[in-house]
Amino acid sequence: MFGDYEAQRHWQEITFSLPVKQWYFNSTDNNLQYWGLDYPPLTAYHSFLCGHIAHLLNPDWVALNTSQGYESLQHKLFMRATVLVADLIIYIPAVIVYCLCMREVPSKKRISFLCCILLYPGLILIDYGHFQYNSVSLGFALWGIIALSLEWDLLGSFAFCCALNYKQMELYHSLPFFCYLLGKCLKRGITGRGLFLLFKIGVGVIASFALCWIPFLTETEQILQVLRRLFPVGRGLFEDKVANVWCSLSTIFKLKKVLSSESQLQLSFLCTLLSVLPSCIKLTVHPSVRGFKFALVTCALSFFLYSFQVHEKSILLAALPVSLIVNDAPWISTWFLLVSTFSMLPLLLKDGLLMAYIITTLLFLLASKSLLPAPENMSEESLNLKPFCISVRRYLPWFRLPGYLIKLSFYTSLMGMASLTLASAILVPPPRFPDLFPVLVSSYSCVHFLMFLFYFNVIYFWDSSNESSKKKL
């Protein structure tokens, strides 16, 4: 049905032409089977605004019913301009401010981090090529992270509420936000200042949601219909060839055929909960800005790997916090960002973005290598793994982590991605296995993501034990 480009255009058509109360309901003028609106109210308001501007420029772009499937050079230019404007207003300023707030980092390094974050190919390709507005929700989330790191808890809560009310996938980041703020309240004392802070944040969150949902609060059915559209559990465990555990497992064990939809939902919920629980408990007990960022990484990646109804593009929700810790783990963060872009290759090939993918990835790799040079001697310490390795050596004295092994793994991984990209682009799969290359790409990426999840968890959990030992000394 013409892809996500048409979905965004169609939402502009619907929100411009129909009353608010009809936006999420099926009708003769709003066929929900044809790209029905399934994002929260802030996305609808954004579409409404873009729809009005589109109508001023060319009424044919958003004409009710007759504009379905519309595409032209001028309209593409307009749609991509709306992404750029959203970037300039929300996402890019947030990245600049975040880099400026890294006071412990020299100015030259801040500029390097800024360039690498903004050149991340995954977000560029999906927002400008495949066509979405992920930078809006990610930008709001980043403003929330900045505000919390500056102790502006109410402002941070409001910014994250905006992110969540723009895209429901921001739930990937919700647990770290909740646990960090709860931990701060508990630290201040649940009967004193902590209770007052908790009350303020609670009132602020309720007010933020009420403000976003005002047009839909008039009737209970309106609220329920929006929620039904936001969480369509009937779609199944996953769609297409996404690089998560369930899709990779399904190549060997057909989960969808063996388990009912309800059992799939329960299984994914349990696995996701078990994966995020350790980080959330630690963040609640020991709230810190550094821990908050690492918890964002581990929770978002856990949701992507184990949760229900995951899309390929959802990896962008893990990519944002990973790009924020590039100062702490530049080598591994760069590696992750490259793999996250590669994991969306089947989607990018569908959209005819092979050349754009190659160019933006090479540009990012070149910028990362130039601006974030790897340490000359790759060691346990440079990878932030020394505390972990010391702990392991208590039980296995012979254990060592050779630096050359990490470098070899990195270059082997790059060669694997390059080979699969080439094969996907030029080879025809056998008729018996038409999805051979998408399955290989998703499984290959999934193995990487499991490795990254283990690595970031290790850094997060062993970091505090290292700090504790320093305090004792």
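- Two residues are said to be in side-chain contact when any heavy atoms from C-beta on lie closer than 4.5 Å; Leu154 and Lys200 meet this criterion.
- Comment: Arg9 does not engage Glu71 in a salt bridge, judged by the lack of any side-chain N to carboxylate O separation of less than 4.0 angstrom.
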**Prompt:** Going through the distances and angles, do Ser67 and Trp61 end up as a side chain to side chain donor-acceptor pair (under 3.5 Å)?
**Reply:** CA-CA 6 Å; Ser67 62; Trp61 292 350; over 6 Å; no
**Step-by-step ring-ring contact (aromatic ring centres under 6.0 Å, His included) determination, Tyr91 to Phe140** = CA-CA 7 Å; Tyr91 182 71; Phe140 278 132; over 10 Å; no
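- If you look at Phe304 and Tyr172, their ring centroids are not closer than 6.0 Å.
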**Request:** Assess whether side chain to side chain donor-acceptor pair (under 3.5 Å) is satisfied between Tyr70 and His10, documenting all intermediate values.
**Result:** CA-CA 9 Å; Tyr70 186 96; His10 181 62; over 6 Å; no
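- Residues in residues 139-155 take part in these side-chain hydrogen bond (donor to acceptor under 3.5 Å, both in side chains) pairs, two or more places apart or across chains: Glu151-Lys184, Asp153-Lys184.
- Residues Leu56 and His52 form no side-chain contact, since every pair of their non-hydrogen atoms from C-beta on lies 4.5 Å or further apart.
- Results of the ring pair (Phe, Tyr, Trp, His ring centres under 6.0 Å) test with Tyr39 over Trp11, Trp23, Tyr45, Tyr166 single out Trp11 as the only residue that passes.
- Applying the side-chain hydrogen bond (donor to acceptor under 3.5 Å, both in side chains) test to pairs two or more places apart or on separate chains, those with a residue in residues 131-140 are Asp4-Gln132, Thr82-Tyr133, Asp87-Ser135, Asp127-Asn134, Asp127-Ser135, Gln132-Asn134, Gln132-Lys167, Asn134-Lys167.
- The distance between the ring centers of Tyr455 and Phe336 does not fall below 6.0 angstrom.
- Counting only heavy atoms from C-beta outward, the side chains of Gln222 and Leu217 never approach each other to under 4.5 Å.
- Cys212 and Pro215 make their closest contact through O-CD, 4.2 Å (heavy atoms, listed as atom of the first residue, atom of the second, distance).
- Aromatic pair Phe177/Phe292: centroids less than 6.0 angstrom apart.
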